[in-house]
Amino acid sequence: MWLLSLLAWALTTLAVFAQLPGSFVDVGNTLVSAMMMFVVSPDKVYILDKVEGNPYQINGHSLYAVVWDITSRTPTPIDVQTNAFCAAGMHLPNGSYALFGGNAAIGPGGDNSAPGSTATFDPIYKDYDGTRAIRIFNSCDENTPCTFSDNSTQLAKRRWYPAAEPLGDGTVVLVGGFVAGGYINRNYPNTDPAYEGGAAEPTYEFFPPGSQSPQIMNFMVKTSGLNSYALTYLMPSGNVFVQANYSTIIWNPTTNAETPLPDMPGQIVRVYPASGANAMLPLTPDNNYTPTILFCGGQYMDDYSWGNYSYPFANTWTIPASSDCHRITPEPTDGSSPAYVQDDSLPIGRTMGQFIALPDGTFLIINGAQNGTAGYAQRTLTVSSDAKPFGESLATGPVGQPAIYDPKAPAGSRWSTAELSSSNIPRLYHSSALLLPDGSVMVAGSNPNIDVNLTTIYPTTYTAEYFYPPYLSATTRPVPQNIPKTLSYGGHYFDITITSTSYPGPGNDAADNTTIWLIRPGFTTHAMNMGQRILQLNHTSTVFPNGTIILHTSQLPPNSNLFPPGPAFLFVTISGVPSNGTYVLVGNGQVGKQPTATAGVLPQSVRSLPSSGSTNSTNSGNVQNS
């Protein structure tokens with residue numbers, strides 16, 4: 001078995017080396033437009049679409065989901081029948097993923113106008129109401145078949161565009177959402193900010209549900225209109241940072257208590273449909289595992305221009321997206337009050353830009369547009385459908401070139417586009433991006449259309465690409481050995497072996513410039529990666545005269561709120577060049593209080609007499625000291 005694993009690693013590595021770093025490579029047709037993606041093993045990605053008239057058929061209806069094989073670059077159809085359009089998704093402690101909510105059943109044209117079509121079932125597309133559906137997708141690989149359950153259990157409330165956030169015990173909290181569809185979550189004038197006459201859902205609930213019934217969350221009432229896919233991040237305390245509209249709070253999901261934080265500077269909106277990029281920066285020993293959240297891009301319009309459920313009142317495609325970036329540390333440990341801090345601006349304004357955590361500690365921003373917002377509409381307040389210049393899209397000016405943000409670089413020099421090529425495929429509304437285990441990034445989707453449209457200016461897109469970050473220019477990559485299959489919160493350290501063939505140059509230099517990253521790529525949809533986190537494991541090293549390096553590696557800090565239980569990939573990065581990610585499970589695999597232990601004491605680092613790797617190449621990754 002280990003020979004097969006080594007062969008698979010070698011084939012993947014050779015495929016990566018065959019590509020130009022900083023480039024996009026067409027990897028084929030996904031059969032469905034990738035509105036949602038999540039990786040569940042070293043070689044499998046689930047891809048889901050909204051219900052629409054995709055040409056490929058399964059069991060007498062259009063196809064809405066596939067399993068993508070990362071290495072062979074081929075899709076396998078699966079028959080998901082509830083409408084997952086704008087659902088939320090999150091990992092579970094056992095490695096599975098759950099998708100929550102979605103849209104009602106629809107037929108051709110994205111509505112129920114066809115004979116016999118209802119919000120419960122459509123006889124043409126043969127889809128069922130997904131607004132309360134819970135779908136469970138199990139982890140799978142070359143040895144374990146991909147299985148799923150669709151709508152076997154249900155949410156207490158109908159939720160479309162809900163937020164989802166994992167808690168430290170593996171429970172997932174679902175927040176807000178629409179009940180029925182629309183551009184933003186309000187009527188205008190907004191006389192019922194809580195329920196919008198039955199169209200909004202201001203409550204929260206848990207999965208698994210427990211004994212508590214859904215409760216109203218006041219923040220969802222305050223932010224009425226611009227609170228779809230509220231931005232949520234679990235904090236070390238167990239409280240949750242929540243941002244929507246231009247408001248921010250710390251929220252206790254146990255007591256439902258809210259603590260106001262400062263408003264977003266400039267009242268720039270980051271949630272859907274403004275869709276600014278957002279991410280938690282790396283949790284590291286240097287920052288004492290203290291979370292900082294970064295927001296970049298999005299959109300500013302006055303309150304009236306955002307419009308209502310039907311459409312925006314402004315012609316959004318004429319309004320430039322924001323290039324503004326701000327950071328906030330919601331739970332500072334130095335006694336200061338939380339505050340937004342100006343950060344370097346984006347190289348170009350973006351709506352629908354998406355942050356991807358990379359295994360060298362940087363972030364890629366990819367996809368999006370220079371003007372407008374996410375969403376689609378057949379008209380605005382002043383422009384009818386036959387006069388809209390970009391079809392149903394509410395954005396234009398696709399941004400094809402990604403950029404890389406380095407959180408450790410000095411202010412003023414954190415962004416770079418050097419050596420990064422551009423894609424010629426517009427990736428606008430309903431595009432997605434996801435870190436793959438080999439360190440590349442899968443980019444797919446784009447579909448700012450009510451139903452499949454292959455002839456409009458921004459068509460329904462089935463072509464996927466892999467993007468190869470610059471660190472893949474290295475001809476030698478680390479090949480770590482003896483990584484455990486499960487990690488704990490605290491406890492005794494473990495040893496990772498790095499042989500001399502894994503790096504060029506002196507062994508002491510390689511050891512001095514090694515970092516060990518734990519990354520959860522998350523559930524990607526709508527320019528977000530729900531649940532995405534990156535955490536650096538502490539370590540020391542012993543270097544032997546033959547160039548072998550033993551990395552004495554700490555378990556996770558003894559606080560499951562820092563990195564909730566579930567699947568992740570462990571990368572060993574030497575001088576900025578990452579290994580392939582090794583699939584691991586964090587925690588005990590069950591929902592419930594996670595076992596913790598005192599962090600084991602690491603041995604002192606031991607340097608060798610002059611030693612070196614056995615490769616002669618020179619790697620060109622960014623150096624990061626441990």
Side-chain angles (χ1 to χ4, degrees), residues 38 88-91 163-168 172-173 175 229-244 248-251 253 261 264 270-271 275-298 325-333 338-341 343-344 353-366 404-409 414 433-435 441 515 517-537 556-557 559-569 571 586:
F38 48 100
M90 191 53 62
H91 65 275
E165 186 65 16
L167 303 181
V172 180
V173 61
V175 176
Y229 281 147
L231 306 176
T232 57
Y233 290 94
L234 180 67
M235 294 287 105
S237 65
N239 292 330
V240 179
F241 172 90
V242 190
Q243 202 284 318
T248 314
I249 61 168
I250 289 289
W251 175 59
L261 295 184
M264 184 66 67
R270 315 288 190 173
V271 296
S275 297
N278 60 97
M280 180 182 288
L281 297 181
L283 299 167
T284 71
D286 286 347
N287 61 33
N288 198 27
Y289 299 103
T290 303
T292 293
I293 316 298
L294 175 65
F295 299 88
C296 287
C325 293
H326 271 83
R327 295 183 181 199
I328 187 171
T329 301
E331 293 184 344
T333 58
Y340 282 101
V341 178
D343 208 335
D344 295 3
Q354 183 171 352
F355 275 133
I356 304 296
L358 298 179
D360 63 351
T362 65
F363 280 81
L364 182 77
I365 190 170
I366 198 165
I404 291 178
Y405 174 88
D406 184 351
K408 296 184 72 173
R414 291 177 178 151
L434 185 69
L435 178 72
V441 176
T515 48
W517 295 107
L518 196 63
I519 299 182
R520 179 171 288 144
F523 169 88
T524 172
T525 189
H526 290 71
M528 301 179 297
N529 288 65
M530 296 182 181
Q532 176 177 246
R533 293 217 173 187
I534 174 171
L535 181 145
Q536 181 186 345
L537 297 178
L556 285 82
N559 180 354
S560 61
N561 296 326
L562 291 173
F563 202 99
F569 289 92
F571 295 85
V586 177

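The shown structure was predicted, so the numbers you read here are calculated from the model rather than taken from an experiment. These numbers come from the heavy atoms of this one structure, side chains and all, not from hydrogens, waters or symmetry mates.
- No donor-acceptor distance shorter than 3.5 angstrom exists from the side chain of Gln532 to the backbone of Ala279, with no hydrogens or angles considered.
- Residues satisfying the ring-ring contact (aromatic ring centres under 6.0 Å, His included) criterion with Phe38, sequence neighbours excluded, are Tyr46, Tyr97, Phe137, Phe523.
- Partners of His91 by ring-ring contact (aromatic ring centres under 6.0 Å, His included), not counting sequence neighbours: none found.
- Taking 4.5 Å as the limit, every side-chain heavy atom of Gln243 sits out of range of all side-chain heavy atoms of Asn278.
- Residues that satisfy the ring-ring contact (aromatic ring centres under 6.0 Å, His included) test with Tyr229, not counting sequence neighbours, are Tyr161, His526.
- The closest side-chain heavy-atom distance from Ile293 to Tyr340 is not below 4.5 Å.
- Of the possible polar contacts, none joining the Asn288 side chain to the Thr290 backbone as a donor-acceptor pair under 3.5 Å is found.
- In terms of heavy-atom proximity, Gly168 sits nearest to Ser560 at O-OG, 2.8 Å.
- Within the 4.5 Å cutoff, the side chain of Phe241 has heavy atoms near those of the Ile250 side chain.
- Note: Phe363 CZ to Met280 CE = 9.5 Å, rounded to the nearest 0.5 Å.
- Under 3.5 Å, the side chains of Asn559 and Tyr289 contain no donor-acceptor pair of N or O atoms.
- A 4.5 Å side-chain heavy-atom check between Asp360 and Thr515 finds every atom pair outside the cut-off.
- Between the Glu165 side chain and the Val173 main chain, no donor and acceptor come within less than 3.5 Å of each other.
- Between Leu231 atom CG and Met530 atom CE the span is 9.0 Å, to the nearest 0.5 Å.
- Using cut-offs of 30° and 60° on the angle between ring planes, the pair Tyr405 and Phe355 is tilted.
- The backbone N or O of Gly566 sits less than 3.5 Å from a side-chain atom of Arg520, completing a donor-acceptor pair.
- How far CZ of Phe569 is from CD1 of Ile534: 14.0 Å, rounded to the nearest 0.5 Å.
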TODO: List the steps and the verdict of side-chain contact (heavy atoms from CB on, under 4.5 Å) for Leu234 and Phe563.
DONE: CA-CA 9 Å; Leu234 180 67; Phe563 202 99; over 6 Å; no
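- Residues passing the side chain to side chain contact (heavy atoms under 4.5 Å, CB included) test with Ser237 are Met235, Asn239, Glu331, sequence neighbours excluded.
- The main-chain N or O of Pro282 is found under 3.5 Å from a side-chain atom of Asn287 such that the two form a donor-acceptor pair.
- Residues Pro338 and Pro330 come closest through the heavy atom pair CG-O, 3.2 Å.
- Within the 4.5 Å cutoff, the side chain of Arg327 has heavy atoms near those of the Pro407 side chain.
- Shown here for Ala433 and Asn529, the closest heavy-atom pair between the two residues is O-ND2, 3.5 Å.
- In this structure, CG in Leu283 is found 11.0 Å from CG in Leu537, a value given to the nearest 0.5 Å.
- Annotation: side chain to side chain contact (heavy atoms under 4.5 Å, CB included) contacts of Ala244 (sequence neighbours excluded): Phe219, Thr223, Asn227, Ala230, Val271.
- Considering all non-hydrogen atoms of both residues, Pro291 and Thr329 come closest at O-CG2, 3.4 Å.
- Contacts of Ala339 classified as side chain to side chain contact (heavy atoms under 4.5 Å, CB included), with partners at least two apart in sequence or in another chain: none.
- In this structure, Arg533 contributes its side chain and Leu518 its backbone to no donor-acceptor pair below 3.5 Å.
- Looking at Trp251 and Thr232, their side chains never come closer than 4.5 Å, going by heavy atoms from C-beta outward.
- Looking at heavy atoms from C-beta onward, Pro359 lies in side-chain contact with Leu435 at the 4.5 angstrom threshold.
- Contact record, Ile519 with Ala357: CD1-O, 4.2 Å, taken as the closest heavy-atom pair.
- Looking only at distances, a side-chain donor or acceptor of Arg270 sits under 3.5 Å from a matching main-chain atom of Gly297.
- The two residues Leu294 and Cys325 have their closest heavy-atom pair at CD1-CB, 4.4 Å.
- Within the 4.5 Å cutoff, the side chain of Ile404 has heavy atoms near those of the Leu364 side chain.
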